[in-house]
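For reference, the structure is listed below as structure tokens.
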Amino acid sequence: MTVPRQNIHASPVWETAPLAVDDPVSRDLLWRYYDDIVSRYYGRPMTRQEIDDLLVEDTSDDLAGPTGRFLVGRYGGLPSGCAGVRLLAPGIAELRRVWVAPVARRTGGAALLVSAAERAAVEHLGARVIRLDTRPDLVEARSLYARLGYHEIDDYNGDRYAGHWFEKPLPQDSGAASPPGSRLGGRAPQ
């Protein structure tokens, strides 16, 4: 009898979908986001209490409701990344909380999450432009944003941790914001 073998060469697939920012999966991703990003900033591991305090101090509640959207990326079915978008002013959205778990990096997930956030900004928030800020030490993020068509602008929000601010005009055709090879449903190419 022949036993079918699993294709060990198949690569996992990214999928993105909106999820309530207060959902346990979203909260876990945001906790991991802060653990990674803030530990990098301070050059040491953060304590659980420090991260819990940050989640209270710098909430992500603005990524919900009629003026925000929170997206979860699943890689191979596992929650592995997130991105949020909120409305700053009529027609102007802001990209926030873009993060991919270390084990899922360099798989196309960040570009897919940004693309999904751009679509949400257009389709759900009516945005024509999207902005973001990032820290100087996040070189990979700055490279990603430049590759995705963002250009540097002047400081628009006075964020004390930011050192770079970016902006991108958003195509009003929702399919145009997708990276090459992705599907509107939020799956990365295999």
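Since the structure is predicted, the reported quantities are computational estimates derived from the model, not experimental observations. Heavy-atom basis, side chains included; hydrogens, waters and symmetry copies ignored.
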Go through it in stages, so that I can follow the logic: the residues are W165 and D159, the test is side-chain hydrogen bond (donor to acceptor under 3.5 Å, both in side chains), and I'd like the CA-CA distance, side-chain angles, deciding distance and then a yes or no. CA-CA 10 Å; W165 295 263; D159 186 294; over 6 Å; no
Are any of the side-chain heavy atoms of P136 and H164 separated by less than 4.5 Å? yes
Run the salt bridge (charged side-chain N to carboxylate O under 4.0 Å, His left out) test on E15 and R74 for me, step by step, so that the C-alpha distance in whole Å, both residues' side-chain angles and the decisive distance to 0.1 Å come before the verdict. CA-CA 5 Å; E15 295 180 284; R74 295 177 187 272; over 6 Å; no
What heavy-atom pair brings A162 and D133 nearest, and what distance separates the two atoms? CB-CB, 3.6 Å
With side-chain contact (heavy atoms from CB on, under 4.5 Å) as the criterion, how do R131 and I153 come out once you've worked through the C-alpha distance, each side chain's angles and the decisive distance to 0.1 Å? CA-CA 9 Å; R131 293 179 176 168; I153 60 171; 4.0 Å; yes
Are any of the side-chain nitrogens in E94 or R86 under 4.0 Å away from the carboxylate oxygens of its partner? yes
Where V85 and A93 come nearest, the two heavy atoms and their spacing: CG2-CB, 3.8 Å
Could you tell me the separation between the CD atom of E152 and the OG1 atom of T134, rounded to the nearest 0.5 Å? 10.0 Å
Parallel, tilted or perpendicular: ring planes of Y75 versus W14, cut at 30 and 60 degrees: tilted
Pair Y34-D58, side-chain hydrogen bond (donor to acceptor under 3.5 Å, both in side chains): steps then yes or no: CA-CA 10 Å; Y34 274 112; D58 191 17; 2.9 Å; yes
Between the side chain of K168 and the main-chain N/O of L148, is any donor-acceptor distance below 3.5 Å? yes
P24 side chain reached by R27 side chain, heavy atoms, under 4.5 Å: yes
Which pair of non-hydrogen atoms, one from V100 and one from A110, has the smallest distance, and what is that distance? CG2-N, 3.7 Å
With a 4.5 Å cut-off on side-chain heavy atoms, are Y33 and L29 touching? no
Check whether any side-chain heavy atom of D28 lies under 4.5 Å from a side-chain heavy atom of P79, and answer yes or no. no
Is there a side-chain contact between L88 and Y156, using heavy atoms and a 4.5 Å cut-off? yes
Quick check: does any side chain N or O of T47 sit under 3.5 Å from a backbone N or O of E50, one acting as donor and the other as acceptor? yes
Treating S80 as the side-chain partner and L78 as the backbone partner, does any N or O pair qualify as donor plus acceptor under 3.5 Å? yes
Counting only N and O atoms by type, is there a donor-acceptor contact under 3.5 Å from the side chain of T16 to the main-chain atoms of G73? no
Is it true that atom CZ of R106 has more than 12 heavy atoms of other residues, nucleotides or ligands lying nearer than 6.0 Å? no
Distance (rounded to the nearest 0.5 Å) between D52 CG and M46 CE: 10.5 Å
Taking R135 for its side chain and I37 for its backbone only, find out whether a donor-acceptor pair lies under 3.5 Å. yes
Between CG of D22 and OG1 of T59, what distance do you get to the nearest 0.5 Å? 11.5 Å
Expected output: side-chain S39 to main-chain D36 donor-acceptor under 3.5 Å: no
Indicate the atoms forming the closest heavy-atom contact of V21 with A64, along with that distance. CG1-CB, 4.0 Å
I'd like to know if the side chain of Q172 reaches the main chain of L170, judged simply by a donor and an acceptor atom lying under 3.5 Å from each other, with no hydrogens or angles considered. yes
For the CD1 atom of I130 and the CZ atom of R128, what is their distance to the nearest 0.5 Å? 13.5 Å
L63 reachable from L55 in the ILVMFWY side-chain graph, under 4.5 Å edges: yes
Are the side chain of S26 and the backbone of A20 linked by a donor-acceptor contact shorter than 3.5 Å? yes
Can you tell me how far the CD atom of E123 sits from the CD atom of E118, to the nearest 0.5 Å? 11.5 Å
Atom of V122, atom of P171 and distance for their closest heavy-atom approach: CG2-O, 3.6 Å
For Y150, what residues pass the ring-ring contact (aromatic ring centres under 6.0 Å, His included) criterion, not counting sequence neighbours? Y145
Any R69 side-chain heavy atom under 4.5 Å of L19 side chain: no
Would you kindly confirm whether L138 and Y42 end up in one hydrophobic cluster when ILVMFWY residues are joined by side chain heavy atoms under 4.5 Å apart? yes
Once you round to the nearest 0.5 Å, how far does CZ of R96 lie from CG of L132? 10.5 Å
Any idea which heavy atoms bring L113 and V72 closest together, and the distance? CD2-C, 4.2 Å
Check whether any side-chain heavy atom of W99 sits under 4.5 Å from a side-chain heavy atom of L30, and report yes or no. no
Quick check: is W31 connected to V25 through a chain of hydrophobic side chains (ILVMFWY, heavy atoms under 4.5 Å apart)? yes
Are P18 and F70 packed together at the side-chain level, in the sense that at least one heavy-atom pair is separated by less than 4.5 angstrom? no
Is it true that R97 and D62 have a side-chain N and a carboxylate O under 4.0 angstrom from each other? no
